[in-house]
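Just below is one structure, and these are the notes that go with it.
The sequence lines fix the lettering, A, B, ..., with proteins before strands; numbering per chain opens at 1. What's counted below: heavy atoms across the whole structure, side chains too, no hydrogens, waters or symmetry copies.
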Amino acid sequence: EPEVTQTPSHQVTQMGQEVILRCVPISNHLYFYWYRQILGQKVEFLVSFYNNEISEKSEIFDDQFSVERPDGSNFTLKIRSTKLEDSAMYFCASSVIDPGREGPDEQFFGPGTRLTVL
Amino acid sequence: AQSVAQPEDQVNVAEGNPLTVKCTYSVSGNPYLFWYVQYPNRGLQFLLKYITGDNLVKGSYGFEAEFNKSQTSFHLKKPSALVSDSALYFCAVRDANDYKLSFGAGTTVTVRA
């Protein structure tokens, strides 16, 4: 069964450093998402991406964050200058069709990247 | 704004007994409701969804959920729990005009042999 994959599984970085989290969505999916879960808190939406542009973002997704689909398979989340409070599990997800217009479809999640900022 | 509440942090049941995990939601438009399960070191796995139609929806691994519009609830159920059902369960909601999922805090289910 096709799966969303994420690398690395665990990333440790120093405060102020840039990190790139990588995801390979399911191949025929068109919508891509990033969520995060700070330890002990809810899973929170960060951003959705369709047709090479951001379709929606939360207030968490400020100028320090960016997303990119550099080729036909990868989807990346970049944090330009990490802060201690960015420490969290970051989940990538993808879905087949446009959930806003053609009806909802479930999102398939990757296993997550645990980001630790020291 | 949309939100989900899972009132129980933990649910403990004996194997073979029925399992219920509670979820209530708040959304401005028509709700699209989902249940996901997370096993240790794994991503969120989709279990089932309610979009429209029958209030009782059936999903993977023998799970089902009942949509109750008047109570704004979407409780997850399984008639006979297995030890292997022990995991973290998340309820999520989407507004019909939105892209993002809003998750509950999660309920840890422990099924004892």
Decide whether A:Phe49 and A:Trp34 are clustered together by the hydrophobic rule: side chain heavy atoms of Ile, Leu, Val, Met, Phe, Trp, Tyr closer than 4.5 Å, transitively.
yes
Same hydrophobic cluster for B:Val11 and B:Leu47, using side-chain heavy-atom links shorter than 4.5 Å among ILVMFWY?
yes
How close do B:Phe34 and A:Glu106 get, counting heavy atoms only, and between which atoms?
CE2-CA, 3.9 Å
Over 12 non-hydrogen atoms of neighbours within 6.0 angstrom of CG in A:Asn28
yes
Check the surroundings of atom CG in B:Asp54: do more than 12 heavy atoms from other residues, nucleotides or ligands lie under 6.0 Å from it?
no
Rounded to the nearest 0.5 Å, what separates atom CZ in B:Phe103 from atom CZ in A:Phe91?
8.5 Å
Give, as side chain, backbone, both or neither, the part of A:Glu44 having an atom under 4.5 angstrom from any heavy atom of chain B.
neither
Do A:Tyr31 and A:Tyr90 sit in the same hydrophobic cluster, where Ile, Leu, Val, Met, Phe, Trp and Tyr count as joined when their side-chain heavy atoms come under 4.5 Å apart?
no
Joint hydrophobic cluster, A:Ile60 plus A:Val43, side-chain heavy atoms closer than 4.5 Å:
no
Select one option (side chain, backbone, both, neither) describing which atoms of A:Ser55 are under 4.5 Å from chain B's heavy atoms.
both
Between atom NZ of B:Lys49 and atom CD of A:Gln107, what is the distance when rounded to the nearest 0.5 Å?
11.0 Å
Taking non-hydrogen atoms and a cut-off under 4.5 angstrom, which of residues 104-113 of chain B neighbour chain A?
B:Gly104, B:Ala105
In terms of heavy-atom contacts, does OH of B:Tyr39 have more than 12 from other residues, nucleotides or ligands at under 6.0 Å?
yes
Can you tell me how far apart CG (B:Leu44) and OH (A:Tyr35) are? Round to the nearest 0.5 Å.
9.5 Å
Using a heavy-atom distance cut-off of less than 4.5 Å, which residues of residues 108-118 of chain A contact chain B?
A:Phe109, A:Gly110, A:Pro111
Side chain, backbone, both or neither: which part of B:Gln45 has a heavy atom under 4.5 Å from chain A?
neither
Part of A:Glu3 lying under 4.5 Å from any heavy atom of chain B
side chain
Examine A:Tyr33 and B:Tyr32 and state if one hydrophobic cluster contains both, with Ile, Leu, Val, Met, Phe, Trp and Tyr joined whenever side-chain heavy atoms are less than 4.5 Å apart.
yes
Whether over 12 other heavy atoms sit under 6.0 Å from B:Asn68 CG
yes
